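First the structure, in the form of structure tokens, and then the observations on it.
A, B, ... follow the sequence lines: proteins, then strands. Residue 1 opens every chain. Note that this is a predicted model, so its numbers are computed, not measured.
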Number of protein chains: 2
Amino acid sequence: MNSTATPFSAACNAFLDLARAGCKARGAQLTPIRRDVLGLLHNAENGLKAYDLLARIKALRANATPPTVYRALDFLVEQGLVHKIERLNQFVVCRHGAHTFPGLFMVCRRCGKVSELHDPDLMGELARRAQAAGYQLDCQEVEIASICPDCLHASPAQGFEQMLTGGA
Amino acid sequence: MNSTATPFSAACNAFLDLARAGCKARGAQLTPIRRDVLGLLHNAENGLKAYDLLARIKALRANATPPTVYRALDFLVEQGLVHKIERLNQFVVCRHGAHTFPGLFMVCRRCGKVSELHDPDLMGELARRAQAAGYQLDCQEVEIASICPDCLHASPAQGFEQMLTGGA
DNA sequence: ATTGCAATGTTATATTATTGCGTTTGTGTG
DNA sequence: CACACAAACGCAATAATATAACATTGCAAT
Ligand SMILES: [Zn+2]
Ligand SMILES: [Zn+2]
Ligand SMILES: [Zn+2]
Ligand SMILES: [Zn+2]
């Protein structure tokens with residue numbers, strides 16, 4: 001077997017092994033600490049804050065401190081394995097494998113849930129328009145505040161955004 | 001004359017009076033504290049952090065505390081007069097007047113400068129695609145990490161984003 | 001063995017933001 | 001005017017998020 005003895009499910013270990021291979025291919029190493037942090041994020045359904053993660057990692061490594069988790073997170077974000085949602089100070093695992101265009105992170109204003117959508121066409125258009133204005137994109141995440149389908153179904157408030165979708 | 005005795009330039013006071021009128025029209029009031037905070041942001045070229053702002057507002061109001069400035073900022077952001085740049089914890093005045101679609105905030109990874117671009121077509125397309133996925137946009141700011149024209153000119157590093165603009 | 005380097009351990013502190021509660025201020029009502 | 005009500009503000013404390021600084025470890029190349 002290929003996995004280490006971390007307390008994760010088989011599916012999670014498979015994901016972690018794949019991530020490790022990706023890191024290796026990029027000349028980086030997914031150390032045990034980093035692997036544990038990534039595993040915890042993979043297990044979490046909805047993303048975690050740094051100090052939540054710290055509390056959980058302390059169950060595995062009693063001597064963990066803030067730098068322990070922030071360093072691991074910095075690494076994982078650099079490697080594109082994890083995304084940081086700035087407006088929530090929250091970290092979510094990327095479930096799309098490596099991608100070369102920014103993910104579209106729909107952040108629900110009501111319930112806080114985050115979904116990573118991918119739209120290469122739209123992101124390509126964004127990159128072109130940015131470039132036309134003299135900017136070069138260097139972006140892995142685009143956060144979009146919105147109302148998620150569930151919350152919308154619960155109470156479909158009328159926002160100013162309707163104007164944008166009405167045509168014209 | 002219409003302006004209060006705040007220590008701002010004539011141009012700034014004109015801006016503030018306009019903002020006050022806008023608030024009034026929306027049933028809100030631009031109180032003296034809020035006016036001062038907005039004026040300070042208007043004077044600042046590059047956006048300010050809350051505690052920088054606090055230091056400046058203390059020059060005008062010695063008893064100001066964090067809630068003083070955070071409350072004013074919450075109000076100004078709600079009114080669409082100020083934008084919060086989440087990844088920098090920074091606040092920038094909106095120099096585009098009221099807008100009904102999200103501004104595109106180009107945040108330079110190298111120098112930290114922020115530019116508010118407007119692209120109604122692109123934002124409309126974003127809103128349509130979000131809606132097609134079941135989401136309703138409720139978004140005033142879209143932050144885009146990028147390299148600004150100045151920094152790009154200084155050293156035009158090759159990023160993965162090139163792939164996006166090359167066609168295909 | 002020595003040096004160099006990446007990762008980690010450890011302590012402390014910096015930065016950003018909010019809570020709670022009491023007071024003031026403005027506004028309308030009887 | 002007396003009263004009630006709500007919005008804004010003053011103030012003290014503290015919560016939540018993130019980084020600095022420096023020591024230590026482990027491994028690999030010389
Ligand atoms: Zn992703
Ligand atoms: Zn929701
Ligand atoms: Zn704006
Ligand atoms: Zn720049």
ask   = Looking at Gln140(A), Gln90(A), Glu116(A), which one forms a side-chain hydrogen bond (donor to acceptor under 3.5 Å, both in side chains) with His83(A)?
value = Glu116(A)
query = So His96(B) and His99(B), would you call those rings parallel, tilted or perpendicular, with 30° and 60° as cut-offs?
reply = perpendicular
query = What is the distance from CD of Glu86(B) to P of dT17(D), rounded to the nearest Å?
reply = 13 Å
inquiry  = Rounded at 0.5 Å granularity, tell me how far CE in Met123(B) sits from CG in Leu117(B).
reply    = 10.0 Å
ask   = Counting only non-hydrogen atoms, which of residues 69-84 of chain B are less than 4.0 Å from DNA chain C?
value = Tyr70(B), Arg71(B), Lys84(B)
ask   = How many angstroms lie between SG in Cys108(B) and CG in Leu152(B), if you round to the nearest 0.5 Å?
value = 8.5 Å
task = Round to the nearest Å and state the distance from Leu30(B) atom CG to dG26(C) atom P.
result = 16 Å
task = Using whole Å, report how far CD of Gln90(A) lies from P of dA18(D).
result = 11 Å
task = Tell me whether the OP1 or OP2 atom of dA16(D) has a side-chain N or O from Asn89(A) closer than 4.0 Å.
result = no
key: Atom pair distance, as rounded to whole Å: CD1 in Ile33(B) and P in dA7(D)   = 17 Å
message = I need the CZ-P distance between Arg87(A) and dT16(C), as an integer number of Å.
response = 18 Å
query = Rounded to the Å, how far apart are Arg35(B) CZ and dC9(D) P?
reply = 14 Å
request  = Show your reasoning for whether side chain to side chain contact (heavy atoms under 4.5 Å, CB included) applies to Thr68(B) and Asn63(B).
outcome  = CA-CA 9 Å; Thr68(B) 310; Asn63(B) 64 339; over 6 Å; no
ask   = Does Arg34(B) pair with Asp74(B) as a salt bridge, N-O distance under 4.0 Å?
value = no
inquiry  = As an exercise, state the distance from OG of Ser115(A) to CZ of Phe105(A), rounded to the nearest 0.5 Å.
reply    = 10.0 Å
query = Could you walk me through whether Leu81(A) and Cys23(A) pass the side chain to side chain contact (heavy atoms under 4.5 Å, CB included) check?
reply = CA-CA 9 Å; Leu81(A) 294 166; Cys23(A) 287; 3.9 Å; yes
query = Should Val93(A) and Leu76(A) count as side-chain neighbours, where that means a heavy-atom distance under 4.5 Å?
reply = no
N/O contacts under 3.5 Å, protein versus nucleotides 28-30 of chain D?
none

key: ring-ring contact (aromatic ring centres under 6.0 Å, His included) partner of His42(B), the single match among Phe15(B), Phe8(B), Phe91(B)   = Phe15(B)
task = Could you list by number each residue of residues 38-68 of chain A showing a heavy-atom separation from DNA chain C of less than 4.0 Å, or answer none if no residue does?
result = Asn63(A), Thr65(A), Pro67(A)
ask   = Does the pair Gln79(A) and Leu30(A) meet the rule for a side chain to side chain contact (heavy atoms under 4.5 Å, CB included), with working shown?
value = CA-CA 10 Å; Gln79(A) 293 292 313; Leu30(A) 190 67; over 6 Å; no
